[in-house]
Each structure stands twice: as C-alpha cells, then as structure tokens.
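Let me begin by presenting the structure, written as structure tokens, before commenting on it.
First the proteins, then the strands, lettered A, B, ... as listed; each starts at 1.
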Amino acid sequence: MDIFAALRARVLDALAGILPDAPEELRRRITVEPPREAAHGDMATNAAMVAAKAAGMAPPRLAAELAARLSALPEVDSASPAGPGFLNLRLKPSFLRAQIPLILAAGEDYGQAPPTGRRVNVEYVSANPTGPMHVGHGRGAVVGDALASLLAKAGHEVVREYYINDAGAQVQALAYAAYWRYLQALGTGMTEEEYAQLIPGGLQYRGDYLIPVGEALVAHYGDSLAEPHALHGIGMAGPDRWFEPVRAFTVQAMMRSIREDLAALGVRHDVFVSEAERIAAGDLERAEAILAAQGLIYRGVLEPPKGKLPEDWEPREQVLFRATAFGDDIDRPLRKSDGSGTYFANDIANHLHKIERGFDELVHVWGADHGGYVKRIKAAVAALSGGRVSVDVVLTQIVHVLKGGQPVRMSKRAGSYVTLADLIEEVGRDAVRFTMLTRKADAQMEFDLERVVEQSRDNPVFYVQYAHARVRSVLRAAGEPDPARLAGADLDRLTDPAELALIRRLTLWPRTVEAAAAAREPHRIAFYLNDLAADFHLLWNRGREDATLRFIRAEDPAGTEARLALVAATGMVLRSALGVMGVTPVEELRDERQGEAVARV
RNA sequence: GGACCCGUAGCUCAGUUGGAUAGAGCGUUGCCCUCCGAAGGCAAAGGUCGUGCGUUCGAGUCGCGCCGGGUCCGCCA
C-alpha cells in the first residue's frame with residue numbers, strides 16, 4: 001500500500017530490462033523518494049546514478065533510458081531525467097486518486113506495515129520507585145509509549161516493559177525515609193535531624209509525599225514496628241524487625257502512585273520486571289557464568305579517571321567485565337565491596353532475561369544523564385547474545401517548564417520540581433503527549449503551560465486537533481456517509497491542486513511510519529500531522545474564497561461525494577497518526593475552562 | 001583528561017540516514033478580507049547550516065581538528 005515501495009519495484013523492473021544481472025547490493029541502494037522540491041514531480045529516483053557504472057553508461061544517459069521505459073507505465077504521467085542523473089516521476093492524477101478507496105477500505109489501519117516477524121522489547125519510564133514522577137519522566141514515558149506504538153505500526157511484535165529498580169541503596173534510603181514518617185505518625189518526640197543522624201547515609205527523601213505512607217504503615221502495622229523510647233516516647237526498632245516490611249510496603253505504594261500517573265497519561269506497559277526478583281531468581285550469577293565462560297570477567301584495578309581526581313580515590317581490586325572487547329572505553333565493575341552486584345551487573349541480569357525471552361531487538365528510552373551508560377550495556381548484550389540481539393537507546397533531554405515565558409519550578413506535592421501529575425492536571429493529557437513529541441527526543445525542550453493550550457496556528461496541538469474537528473464537522477453535516485459508498489465516488493472530480501496535494505500527503509503516511517520507526521524517532525509523526533493538517537486547512541480556506549471547492553454543495557451531488565471521500569480519508573489518516581501518538585482525536589474543539597464550544601465548526 | 005549529545009533564518013525548530021536552488025511556524029514588511037466554514041488569507045525579505053581541513057560525481061548529513069553549550073566519567077540508579 002506504500003506507493004513509493006510500489007514505484008520502486010517498477011524502477012527495479014525497468015532497470016532489469018537494461019541491466020539484467022544487477023547485483024543485489026546495488027539494487028538495495030536504489031531509492032524512490034519524494035523530492036524536496038515539489039516542482040520536480042511526485043517522486044525522484046537515484047537509480048541512474050547508482051547503476052551508471054555497472055551499466056557502462058553516463059548517469060544522464062541511463063536516466064533517459066529508464067525514463068523511456070517508466071513513462072509507459074499506467075501509474076506514470078511523465079518521467080524525466082534531471083540534474084546529475086536524477087529521474088523525476090510525475091504520477092497520473094488517476095493513480096493518486098485511486099489511493100483514496102484503498103485508504104477508506106483500510107481505515108485507521110492505513111499505514112500498518114505487514115508483520116516483520118521481529119520481536120522488539122521497548123523498555124521505558126523505569127523511574128525509580130522513590131517518589132513522584134516529574135516532567136522529565138513524563139517525556140520518557142510519552143516518547144517510549146509512542147515509539148512502541150510506532151514500532152508495532154511498522155509491523156514489529158512489541159512488548160512494552162517497565163524495569164522496577166527495587167533493589168539497592170536508593171530503595172534502602174527510601175525505606176528509612178518512610179520509616180521516619182511512620183515514627184512521626186506514631187507521635188515520636190524525635191526531631192528529623194536526630195533521626196537523620198541515626199541512620200546510614202542520612203535522610204535522603206524528605207518530600208511530603210511519604211507522610212501518607214507513614215500513616216498507612218501505622219494503619220497496617222500499628223506500633224509493632226517501633227520500640228518504646230525513654231526520651232522520645234516512640235523510637236526506632238532494630239532494622240531486622242521493620243526494614244523488609246517497610247521497604248516492600250513503600251515500594252508498592254510508590255509503584256501505585258507511578259501507575260496512577262502513567263494511567264492519567266494513557267501510558268501502559270505489558271510487563272513490569274522487578275530488579276529484586278531477577279536477582280533472587282539467580283539471573284545475575286547465570287549472566288556472570290556466561291560471561292566468565294567467554295573469558296570476559298577478571299579481577300583487576302581500574303585506572304583513575306584523568307583530569308580531576310575524585311578526592312577519596314584509592315586503587316582497589318574489583319570484579320570487572322571486559323567491556324572494552326565490545327567497544328566500550330574502559331572495563332566495568334560488576335561487584336560492590338560487600339559482594340552485591342553493581343547497578344550495571346543487575347542490569348546485565350535484566351538483559352539476560354530479555355534475551356532469553358527471545359527478543360531480536362532491545363530498545364531503551366533513557367534520560368540524557370544516562371548517555372555514558374549506553375556503550376557498556378551494548379557491550380553486555382553483544383557478549384550475552386553472541387551478537388544476535390541489538391540494542392538501541394533513545395536519550396531524552398530535559399524539559400524546562402514555563403508559564404507565559406517564565407520558569408516554573410515549584411510543585412505543590414514534591415516541593416522541588418514540577419510533577420507529572422501537576423502537569424497533566426494543568427493542561428490535559430493530550431496536550432502533554434502531543435507537545436512532548438514536537439521535538440526530537442535528544443533536544444532540550446521548553447514546555448510552556450500557556451502556549452500548549454492556546455488556540456492559534458503556532459500551537460500544533462490545537463492546529464492538528466482543529467483539522468480533525470473540521471473533518472468531523474463536515475462528515476456530520478453530510479449525514480455520516482458510509483466510507484464504502486464514498487469509495488465508489490467519481491474521484492476524477494478531484495482536480496484542484498490543493499486537493500491533489502492533500503492526496504499526496506495521505507500517500508506519504510505508510511512511508512513516514514516506516515522511516516520514523518527505523519530511525520526510532522516518534523517526533524516525526526507529530527511533524528507529519530502538522531503538515532497534513534496544513535494541507536487540509538489550506539484546502540478548507542480555498543473553499544472560503546472559491547465556493548466550488550467547498551466540500552458540501554447541494555447543487556453538485558457527485559462532486560460532493562468525491563470531496564467527502566477525500567475528507568473521510570483525511571480523517572482516517574489523522575486518527576491513524578494520532579493513534580500512534582496516543583492522542584485522542586476530538587469531535588469538536590472546546591475551551592475546557594469554560595466548557596463551551598468556542599471553535600465549533 | 002576522556003566519552004556521549006547538541007550548534008541550521010531575528011526567535012522556536014524540521015531537514016525523508018549522502019542528492020538538485022536548505023524548509024516550516026512565529027516575528028518583520030507589504031497587499032487583501034471583516035465572510036458564523038469562528039485558528040484570518042496571500043506574498044516578500046531574511047542563511048558563508050559554529051569553524052577549518054578531508055572523503056566523492058555530490059556534504060547541513062560521513063571522518064578528523066578547533067570554538068561554544070549540555071550530560072556524564074570506580075562500590076548512585
């Protein structure tokens with residue numbers, strides 16, 4: 001259904017007529033793409049430039065030969081050599097129009113690629129269960145969720161995964177912080193600073209969000225996790241009495257809050273993998289054994305980093321993974337001095353778990369502060385899978401939240417940063433999702449709370465939603481015609497350049513899915529939608545000047561039907577693309593704050 | 001000291017994995033419209049793609065060196 005792929009096959013056929021035994025490697029380099037300049041036609045191919053040497057012809061000459069063959073095709077209006085050996089194709093309008101019934105038949109599945117047979121694991125969010133999610137997590141969540149949908153649209157079998165970091169020092173600190181709130185809820189006379197002195201590492205998580213957890217611990221356990229204390233009334237019990245139940249209880253509470261935030265954002269995961277469970281299952285030891293069998297583990301001492309030396313640096317023998325054998329810069333430690341695994345080692349276990357479940361490709365969405373971690377995890381997966389499984393990492397840059405151009409930093413709930421829940425409450429789920437995808441993942445982003453709810457041309461959320469609302473308005477006014485009937489319309493009535501431009505844009509959708517998925521760049525979908533909306537609004541505006549271009553004209557039933565077919569197809573592609581982004585298409589535009597339809601169409 | 005990411009119009013950003021004369025929105029300037037099909041429409045100006053070499057038929061895109069910004073660099077995750 002991708003007409004670019006279809007025409008590429010025609011180009012290869014034509015080339016085979018001239019150069020029967022072109023090697024596969026050469027054929028693979030031949031592309032058929034939309035030219036940058038619309039004036040050059042509908043499609044351009046580099047075939048003549050790629051194959052010139054093998055054919056023993058100068059590129060323009062070969063282009064002319066190919067043009068002669070291609071211009072005879074029923075799809076092609078004209079084929080003309082250009083420049084250094086390009087071959088420009090202009091398609092017959094009838095061929096373009098013939099795509100409309102195909103779109104109407106496919107509906108929102110238009111753009112869905114056939115199954116590739118490849119299993120892809122997309123791990124995203126994976127926020128530590130130590131506090132509320134902030135906007136940075138939100139960006140990762142949206143990018144990951146849209147990327148997963150995009151890969152599924154491109155024909156891959158996708159599993160959406162969340163890795164819970166529920167082992168290690170951060171979670172220990174969380175348990176101590178929750179225990180403090182528990183003692184407070186019981187009415188201890190101890191001060192926060194006194195408590196902080198008593199525990200290892202000090203009191204790290206001081207946000208108010210743990211207060212309800214402390215209260216819930218009291219409701220569940222009473223005072224059984226504490227001890228009477230002469231001075232404070234209530235004091236700490238030994239960790240062996242309270243630590244594990246408090247840890248488990250608190251992690252569960254944090255995960256519940258994270259899941260609520262994700263649900264509010266419309267982000268879902270198929271699988272939640274627990275770090276602690278994987279370790280308990282012995283994955284770490286098995287992963288180490290696999291690496292050791294290849295001679296990739298040894299005891300050694302790392303060089304200190306050059307330049308500024310950490311103050312407490314001292315040479316130390318460690319268990320190291322030979323990551324340098326797979327392109328990393330240094331070998332990486334696997335064990336802490338207490339014998340437990342480093343985060344990296346535990347993550348190796350996590351990846352072994354993925355590999356053993358049979359995935360062909362592993363995709364991660366990480367914050368940019370994890371950029372230094374990419375090489376070592378690629379090295380580990382290469383070693384564990386014998387090079388069979390690939391790893392791709394999409395890094396997301398930080399989000400600056402603004403309101404009317406002014407920085408917003410304070411959060412009602414967490415005190416130090418804007419929480420995801422605050423953001424969703426302020427502007428709505430769809431605005432959050434769409435806006436998060438209007439930038440390349442690895443570019444810093446400014447998220448202006450006022451701009452994303454503005455009803456104007458420079459707010460893409462509004463602009464795209466408005467296009468869909470207009471589509472729906474027209475179809476409602478036309479009495480909701482059956483797409484199957486519209487597919488039989490006399491589409492030759494669609495002759496205006498703006499109408500044909502819109503059709504061309506629609507036919508670009510399958511290609512956009514494929515390219516965006518291959519590049520792991522879901523933001524391209526947002527840009528496509530913006531372009532599609534622009535083409536549709538342009539046509540709409542033409543109708544305001546030229547009444548014969550209005551979609552519904554009582555005096556022209558046949559023309560009306562043809563234009564309605566185009567409008568319905570546009571709506572389907574809009575919904576298909578919005579579906580990849582996880583944004584709800586609206587029937588009409590309303591100003592949420594007033595509850596009135598201010599832009600009813 | 002090293003690794004990774006970024007640098008494109010006044011501003012915010014795209015750029016179809018190396019293609020033709022580098023695009024969009026905002027802003028600026030000019031013209032049109034005042035229509036309940038409720039975001040106004042059309043057009044113009046605006047660029048040595050941070051910079052210098054290199055790779056080749058061809059570089060914003062690939063390689064190397066600088067300049068500037070960001071992230072990170074052994075028992076945090």
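Toward the 5′ end of RNA chain B lies the nearest nucleotide of A:Met49, the other residue of the pair A:Glu317 and A:Met49 mapping further downstream. Each of A:Ala82 and A:Gly371 was matched to the nucleotide of RNA chain B holding its nearest heavy atom; the match closer to the 5' end belongs to A:Gly371.
Between A:Tyr466 and A:His537, the ring planes lie tilted relative to each other; the angle falls in the 30° to 60° range. Using the six-membered ring where Trp is involved, A:Phe536 and A:Phe551 have ring planes that are parallel, under 30° apart on the 30 and 60° scheme.
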What would the secondary structure line of RNA chain B be in dot-bracket form, counting Watson-Crick and G-U wobble pairs under 3.5 Å, with [ ] for pairs that cross earlier ones and | for pairs with another strand? (((((((..((((.....[...)))).(((((.......))))).....(((((..]....))))))))))))....
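Checking side-chain atoms of A:Arg433 against main-chain N and O of A:Met581 turns up a donor-acceptor pair under 3.5 Å.
Contact of A:Asn88 with B:A20 (side chain to base): a donor-acceptor pair of N or O atoms is detected under 3.5 Å.
Across all strands shown, A:Phe344 has no heavy atoms under 4.0 Å from either base or sugar-phosphate atoms. A:Ala534 comes within 4.0 angstrom of nothing in the nucleic acid, heavy atoms only.
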Under-3.5 Å N/O pairs linking protein and nucleotides 42-46 of chain B:
none

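For A:Arg524 and A:Tyr528, the positive end is not near the middle of the six-membered ring at less than 6.0 Å and at most 45° from its axis.
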Quick tally for nucleotides 6-15 of chain B: nucleotides whose base has a protein heavy atom under 4.0 Å get B, sugar-phosphate-only ones S, the rest -, giving ------SSSS
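Contact check, A:Tyr466 against B:A38: a side-chain N or O comes under 4.0 Å of OP1 or OP2. Contact check, A:Arg470 against B:A38: a side-chain N or O comes under 4.0 Å of OP1 or OP2.
For the segment residues 325-333 of chain A, the set of residues with a heavy atom within less than 4.0 Å of an atom of RNA chain B comprises A:Asp329, A:Pro333, in numerical order.
In this view, A:His134 and A:His137, A:Tyr417 satisfy the ring pair (Phe, Tyr, Trp, His ring centres under 6.0 Å) rule, not counting sequence neighbours.
The side chain to side chain donor-acceptor pair (under 3.5 Å) contacts involving residues 328-338 of chain A comprise A:Glu288-A:Arg335, A:Tyr298-A:Asp331, A:Thr324-A:Asp331, A:Asp328-A:Arg332, A:Asp329-A:Lys375, A:Asp338-A:Ser340, where partners must be two or more places apart or lie in separate chains.
Here the side chain of A:Tyr373 is nearest to one of B:A3, B:A77, B:A39, namely B:A77.
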